[in-house]
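Order of the sequence lines sets the chain letters (A, B, ...), proteins ahead of strands, with each chain counted from 1.
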Number of protein chains: 2
Amino acid sequence: MSVTIKDIAKLAGVSHTTVSRALNNSPLIQEETKARIRIIAEQLDYTPNYSAKSLVLDRSYNLGLFFTTLSNGTSAGFFYEAIRGVNSVIRDRYQLIVKGIDDYTSFHSITKKSFDGIIIVSQSDDDQPIIEHIAAKGIPLVVLNRPVETAGVLNVLSDEEQGAFHAGTFLVQQGHQRIALIEGRKGFKSAQNRKDGFERAMDHHGISVPPEYRMPGLYDLESGHKAMRQFLSLTDRPTAVFCCNDEMALGAIKAVFEAGLQVPQDISVVGFDDTVFAAYVTPALTTVRRPIEQISKEGAMRLLGNIENKWHETEQLLLRTELIVRESVQSLHT
Amino acid sequence: MSVTIKDIAKLAGVSHTTVSRALNNSPLIQEETKARIRIIAEQLDYTPNYSAKSLVLDRSYNLGLFFTTLSNGTSAGFFYEAIRGVNSVIRDRYQLIVKGIDDYTSFHSITKKSFDGIIIVSQSDDDQPIIEHIAAKGIPLVVLNRPVETAGVLNVLSDEEQGAFHAGTFLVQQGHQRIALIEGRKGFKSAQNRKDGFERAMDHHGISVPPEYRMPGLYDLESGHKAMRQFLSLTDRPTAVFCCNDEMALGAIKAVFEAGLQVPQDISVVGFDDTVFAAYVTPALTTVRRPIEQISKEGAMRLLGNIENKWHETEQLLLRTELIVRESVQSLHT
DNA sequence: CACATCTATGCACACGTTAACAATAGTCTT
DNA sequence: AAGACTATTGTTAACGTGTGCATAGATGTG
């Protein structure tokens with residue numbers, strides 16, 4: 001039905017071996033012959049059968065891009081930027097297969113034959129089993145966004161603990177003492193890191209955060225909203241709230257306005273991630289920027305290097321986060 | 001290196017054909033034999049080589065999910081919901097390959113062998129060539145989000161013109177007369193539809209929209225911001241602005257606040273899409289909801305039906321949009 | 001000129017799987 | 001009891017491509 005190298009061979013009056021070599025630009029074939037074969041291939045609109053190639057070359061031309069989950073807790077902006085970053089690096093060379101790890105009932109089908117390499121955007125320690133599985137199968141792997149110790153696994157992430165530390169410190173420097181925290185989704189590593197960084201900042205500046213100034217969150221708008229309402233109901237309410245991501249910050253700000261109060265005049269809010277809308281909400285959100293697209297690009301480049309040079313570099317790459325000061329924090333200094 | 005059916009055959013003392021049949025649960029094989037072979041396969045941790053299967057079965061187990069572009073103009077929320085919807089339908093049965101159409105330099109590699117089916121989330125008439133190409137190759141195809149006439153192509157979309165008509169009508173009903181428009185990205189079909197619906201509403205209610213009440217936009221925050229600044233500089237500024245998506249609406253609202261004015265007291269704003277944050281901005285955004293996840297699920301289901309039953313249903317499915325009234329529109333009736 | 005060397009091409013097989021056809025043994029029918 | 005039929009398994013080829021080895025002609029070499 002579709003055109004094969006044998007069809008080309010027949011028309012060119014050569015063996016299919018010669019066609020194969022010609023199309024792969026083997027030095028064994030005369031330039032003249034190559035040219036002739038290429039023209040015929042072109043005319044017949046020949047496309048190689050990748051299944052056949054894969055079978056004999058033992059390469060799948062597939063890269064996996066796995067997220068902890070596609071259903072919940074992964075923010076859209078994050079997801080988008082990650083895919084975009086990876087895609088911009090791999091372009092034509094591989095097909096990008098997107099999956100949620102929680103969609104797998106068994107890792108059985110993840111083999112060296114079906115993936116030339118895998119990128120995991122990991123948000124949770126629960127991803128460890130799949131990481132071990134992939135590493136054990138000897139598939140080139142890079143894990144983004146979460147520190148991983150597994151041998152032979154590349155690792156690219158940003159220093160979120162440090163970012164949160166800066167954000168916390170900034171609040172203190174602006175004169176805040178009563179500072180509350182809305183935590184990230186339980187089980188997500190980033191949630192832990194951000195909380196840790198925040199608390200280190202508080203400790204470092206001798207500020208204590210009482211239990212009623214801590215609320216759990218789910219990284220979504222609604223949980224930020226709910227948490228802030230809780231804070232507002234306190235008799236001694238905080239003057240500033242550190243939210244573990246921008247979406248929760250947005251929900252929190254909403255709650256403040258609904259209570260008839262102002263951000264930042266009555267209460268200051270800090271987010272994390274610097275999502276696209278952070279600059280455009282009112283007030284513009286002070287937040288911590290995390291170079292997601294750079295992380296995914298860097299990760300993809302390292303993965304390709306690893307696949308193609310068969311060269312394992314286990315070093316961890318830690319990219320810097322950056323505090324972006326906008327308008328959502330009030331200085332309490334007279 | 002890796003386990004094949006021949007290895008299993010050797011251990012089971014049968015031919016590899018029997019193993020193949022057993023693992024595919026062929027009725028030709030005795031239950032007892034099947035059981036024995038399955039156990040051995042399990043023990044050896046056998047995984048079929050999909051390249052080999054593909055080669056002989058002439059199926060790739062791949063579904064393509066193509067977007068007009070991954071780089072620009074596709075909003076993150078939209079992208080996320082589309083992938084999520086499709087993914088939830090296909091689950092284990094296929095691998096989902098995500099691509100931007102503008103990444104293709106040639107459609108040459110898109111063949112029946114490499115994709116069992118394709119879903120295009122199309123935003124622009126410029127996608128027509130690839131649609132024709134895929135249809136010509138006889139690959140099952142469903143186009144989402146944009147009307148398509150090409151024969152044999154399934155089509156699922158929402159009635160955006162109607163949604164925009166409702167939004168425009170709503171503004172008029174609230175007593176607005178001076179109504180401005182921030183358009184969507186040029187070349188995007190949705191931009192045209194939304195504009196058309198809006199204008200039909202204006203015509204229908206006998207309201208004219210002068211040229212200075214029309215600004216181009218790019219579907220992003222910044223262009224909405226810029227357009228609104230333009231409107232605010234008019235001596236006779238509009239009382240309401242219809243923005244062709246929520247992101248531009250958010251940018252527009254920002255511009256209003258920056259000018260020291262209030263939404264909706266001084267100026268009303270309507271968006272389109274009902275993105276996750278629409279309910280959480282201040283004021284909560286009145287907008288048109290578009291069932292993206294439903295569209296993508298419906299599209300994926302139809303595609304699978306088409307692939308598996310080889311059954312072409314060319315009918316177009318038009319899903320309803322819905323006006324979500326929140327707080328960003330002021331009623332001008334006393 | 002006989003022999004070695006090099007160049008361009010072909011032959012045959014391999015990759016792992018499925019499927020058409022063949023073969024064998026057992027069961028049923030009349 | 002012979003022929004037909006059934007149930008189960010095996011033999012062999014096929015899918016499309018790449019590669020080790022053989023081959024044939026050309027060229028060089030002493």
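Between B:Y61 and B:Y50, the ring planes lie perpendicular to each other; the angle is over 60°, past the 30° to 60° tilted range.
Side-chain N/O atoms of B:S20 include none lying less than 4.0 angstrom from OP1 or OP2 on C:dA19. Dashed line: the shortest gap from a side-chain N or O of B:N24 to OP1 or OP2 of C:dT18 is under 4.0 Å. A close approach under 4.0 Å does occur between a side-chain nitrogen or oxygen of A:K53 and OP1 or OP2 of D:dG18. Taking side-chain N and O atoms only, A:S15 has a distance below 4.0 Å to OP1 or OP2 of C:dG10. Close to D:dA7, at under 4.0 Å from its OP1 or OP2, lies no side-chain N or O of B:Q30.
Taking atom OH of B:Y50 as the reference point, atom C1' of C:dC15 lies 18 Å away to the nearest angstrom. In this structure, B:D58 atom CG and D:dG16 atom P are separated by 8 Å, rounded to whole Å. One can place CD of B:E31 at 13 Å from C1' of D:dA7, the figure rounded to the nearest angstrom. The nearest whole Å value for the distance from the CD1 atom in A:I29 to the C1' atom in C:dG10 is 10 Å. Atom pair A:L23:CG and D:dG18:P shows a separation of 8 Å (rounding to whole Å applied). With rounding to whole Å, A:L55 atom CG is found 18 Å from C:dC13 atom P. Spacing between atom OH of A:Y61 and atom P of D:dG16 amounts to 17 Å, rounded to whole angstrom units. Atom C1' of nucleotide D:dA7 and atom NZ of B:K34 are separated by 13 Å, given to the nearest angstrom.
Remark on DNA chain D: of its neighbouring residues A:L28 and A:K6, the 5'-side contact belongs to A:K6, judged by nearest-heavy-atom nucleotide. Of the two residues contacting DNA chain C, namely A:V19 and B:N49, the nearest-nucleotide position lying further toward the 5' end is that of A:V19.
If you check every strand for non-hydrogen atoms under 4.0 Å, A:Y46 touches sugar and phosphate atoms only. Backbone-only contact: B:T33 has heavy atoms under 4.0 Å from sugar-phosphate atoms and none from a base. Within 4.0 Å (heavy atoms only), A:T17 reaches at least one base atom of the nucleic acid. If you check every strand for non-hydrogen atoms under 4.0 Å, B:L57 touches sugar and phosphate atoms only. Nucleic acid contact for A:T18: sugar-phosphate only, since backbone atoms but no base atoms lie under 4.0 Å from a heavy atom of the residue.
You won't find any donor-acceptor pair under 3.5 Å spanning the side chain of B:H16 and the base of D:dT11, going by distance alone. Applying the 3.5 Å distance criterion, the base of D:dG20 shares a donor-acceptor pair with the side chain of A:R21.
Here A:R36 does not pair with A:E32 in a salt bridge; the nearest charged N to carboxylate O distance is not below 4.0 Å.
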Under 3.5 Å, side-chain donor or acceptor atoms of residues 133-146 of chain A against the rest of the protein: list the pairs with distances, not counting sequence neighbours.
| from | atom 1 | to | atom 2 | distance (Å) |
| --- | --- | --- | --- | --- |
| A:H133 | NE2 | A:F107 | O | 3.0 |
| A:H133 | NE2 | A:I110 | O | 3.2 |
| A:N145 | OD1 | A:R290 | NH1 | 2.8 |
| A:N145 | ND2 | A:S122 | O | 3.3 |
| A:R146 | NE | A:S122 | OG | 2.6 |
| A:R146 | NE | A:S124 | O | 3.2 |
| A:R146 | NH1 | A:D125 | OD1 | 2.6 |
| A:R146 | NH2 | A:Q128 | OE1 | 3.0 |

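Test B:L303, B:I295, B:L65 against B:V86 for side-chain contact (heavy atoms from CB on, under 4.5 Å) and you get one pass: B:L65.
Rounding to the nearest 0.5 Å gives a distance of 11.5 Å between CD of A:Q294 and CD of A:E81.
A distance of 6.0 Å or more separates the ring centres of A:F78 and A:Y219.
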